[in-house]
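These notes concern the structure reproduced below.
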Amino acid sequence: MRCRTTTLVDWLARAAVALVAWTGALAAQELRGTVRLDGTEQLAAGVIIEARDASSGALAASTLTDARGYFVLRLPALTTVAVRGLRIGQRPTSFGSFTLAHDEVQTAQFRLSGVAITLARVNVIGRSVCERGRLDDLQVLTLLDEARKAILSTQLRSADGEMSAIWSLRTQKHSLRGQPLGEPLVRLHQSGTDRPFRSLPADSLAKVGYFAPEQDGYVFYAPDADVLLSTAFVDEHCFRATPWKRDTRDWVGVGFAPAQRRPGIVGIQGTMWLDRQTAELRLLEYEYVNLPSRMRTKLAGGEVRFLRLESGGWLVSHWDIRMPRLESRWIAETIRTAPRLRSLEVTGGDVLEVRQGERTLFKTTGPTNP
């Protein structure tokens with residue numbers, strides 16, 4: 001039997017950093033400016049600048065401030081948009097409304113409000129909160145919003161330009177206890193994007209799940225940034241506040257699980273872990289649920305680690321997908337072979353270096369750790 005993940009098909013070379021906007025890439029009207037921290041002249045890097053249609057609330061455009069706090073926001077013409085700034089660890093700051101004529105360029109100087117967000121310490125697992133319209137638990141909402149800021153930041157490109165990443169890509173067989181078997185197959189890959197993989201669209205995953213049989217094997221899907229930010233993901237899952245108990249790190253989590261188990265549909269459950277002091281997203285862990293009975297193991301799943309760069313941008317610094325691997329065994333009594341769960345196939349990657357033009361934003365000589 002053959003197992004694979006879509007990340008092996010849609011490597012970095014096929015991925016593209018997508019600006020989240022319904023405006024065309026050729027829109028000529030722009031809002032430009034800088035963002036400063038509250039009460040100082042310090043320029044704020046890595047701030048999400050978001051514009052929404054003032055009438056419908058639909059997202060019109062978004063971007064990141066660069067290392068100098070500078071941004072360029074391409075907007076639809078003759079449409080009034082409400083602009084705000086999103087900074088991890090702070091409440092959103094409203095920057096007012098703008099309407100640009102065709103080919104108009106406006107400049108603005110913005111300042112963040114500086115109102116900090118406090119992530120409360122969690123001692124026990126909180127109650128489960130389900131359905132988008134009922135996410136009324138303030139603690140869960142706060143944790144989810146902060147995690148989504150970091151995930152969104154991995155998608156956006158600042159005026160500094162596109163980042164180039166060098167990845168160490170690996171595949172290795174593991175035992176059912178998680179121990180490596182043999183040497184990994186390692187390749188280096190360089191790409192003009194910082195997105196390590198793409199998944200199926202969120203709506204498709206909501207329908208077919210994260211696992212599908214194929215003629216000569218099966219395929220596993222992992223959630224990418226688009227999926228985690230989608231309304232479909234929120235609608236299909238329940239969320240709860242979760243304490244970190246493994247070591248002394250001051251982390252807090254927002255756990256997620258399918259709102260309902262559907263026969264024959266494989267889902268995922270897991271936790272997004274945030275640093276409680278900075279509200280920064282550090283780690284996403286997940287496991288597959290409702291797998292076929294002969295493939296079930298608690299180790300089936302994966303993890304994604306996040307890194308904040310000095311420039312203010314974010315990237316996925318490490319990822320793993322652990323897939324159950326069925327191997328045939330000869331059964332003499334019945335004179336046939338039967339596939340049984342024998343091992344795990346682990347595929348993933350580690351970022352080794354990130355550059356933006358001539359600047360080195362990040363560099364390591366080995367795998368990154370949370």
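Keep in mind the model is a prediction, meaning the values are calculated, not measured. Side chains are part of it too, since the values below use all heavy atoms of this structure and drop only hydrogens, waters and symmetry mates.
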Exercise. Once you round to the nearest 0.5 Å, how far does CZ of Arg308 lie from CG of Leu281?
Worked result: 11.5 Å
Is it true that a side-chain atom of [X] and a backbone atom of [Y] form a donor plus acceptor pair closer than 3.5 Å?
X      : Y      : value
Thr297 : Leu299 : yes
Ser199 : Ala222 : yes
Arg170 : Val186 : no
Asp275 : Trp251 : no
Thr65  : Ala44  : yes
Arg36  : Leu43  : no
Thr154 : Leu152 : no
Gln29  : His102 : no
Thr107 : Arg32  : no
Asp53  : Gly57  : no

Answer yes or no: is there a side-chain heavy-atom contact under 4.5 Å between [X] and [Y]?
X      : Y      : answer
Thr171 : Val346 : no
Phe95  : Ile49  : yes
Val351 : Val316 : no
Tyr218 : Pro292 : no

Exercise. Among the clusters formed by ILVMFWY side chains lying less than 4.5 Å apart, do Met272 and Leu229 turn up in the same one?
Worked result: yes
Between the side chains of [X] and [Y], is a donor N or O closer than 3.5 angstrom to an acceptor N or O?
X      : Y      : value
Arg355 : Thr360 : yes
Thr34  : Gln109 : yes
Thr80  : Thr99  : yes

Which heavy-atom pair separates [X] from [Y] by the least distance, and what is that distance?
X      : Y      : result
Phe306 : Leu283 : CD1-N, 4.3 Å
Lys173 : Ser343 : CE-OG, 3.2 Å
Gln269 : Pro258 : CB-CD, 4.1 Å
Glu146 : Gly89  : OE1-N, 2.8 Å
His174 : Leu181 : C-CD1, 3.7 Å
Leu341 : Arg296 : CD2-O, 3.9 Å

For this session: Please report the C-alpha distance between Thr93 and Arg111 in whole Å, then the side-chain angles of each, then the deciding distance to 0.1 Å, and finally whether the side-chain contact (heavy atoms from CB on, under 4.5 Å) criterion is met.
Result: CA-CA 8 Å; Thr93 301; Arg111 190 175 295 277; over 6 Å; no
For this session: I would like to know whether Val252 and Thr242 meet side-chain contact (heavy atoms from CB on, under 4.5 Å); could you show each step before the answer?
Result: CA-CA 6 Å; Val252 62; Thr242 304; over 6 Å; no
Please output the side-chain donor-acceptor pairs of residues 201-209 that fall under 3.5 Å, not counting sequence neighbours, one pair per line with the distance.
none

For this session: Identify which one of Arg246, Arg305, Arg322 satisfies the salt bridge (Lys or Arg N to Asp or Glu O under 4.0 Å) criterion when paired with Glu285.
Result: Arg246
For this session: Can you spot which of Arg84, Lys149, Arg148 makes a salt bridge (Lys or Arg N to Asp or Glu O under 4.0 Å) with Glu50?
Result: Arg84
Problem set entry | Proximity of Tyr286 and Tyr210 rings by center, below 6.0 Å |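 Here the rings of Tyr210 and Tyr286 have centres that are no less than 6.0 Å from each other.
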For this session: Assert yes or no for the condition that the ring centre distance of Tyr288 to Phe211 is strictly below 6.0 Å.
Result: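 For Tyr288 and Phe211, the ring centres are not under 6.0 Å apart.
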Exercise. Thinking salt bridges, do Arg127 and Asp137 make one under a 4.0 Å N-O criterion?
Worked result: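 Result for this pair is yes, salt bridge flagged.
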Problem set entry | With Phe233 via ring pair (Phe, Tyr, Trp, His ring centres under 6.0 Å) - residues at least two apart |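 Scan of Phe233 (ring pair (Phe, Tyr, Trp, His ring centres under 6.0 Å), adjacent residues dropped) gives His237, Phe256.
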Exercise. Under 6.0 Å from the CZ atom of Arg177, do we count more than 12 heavy atoms belonging to anything else shown?
Worked result: no
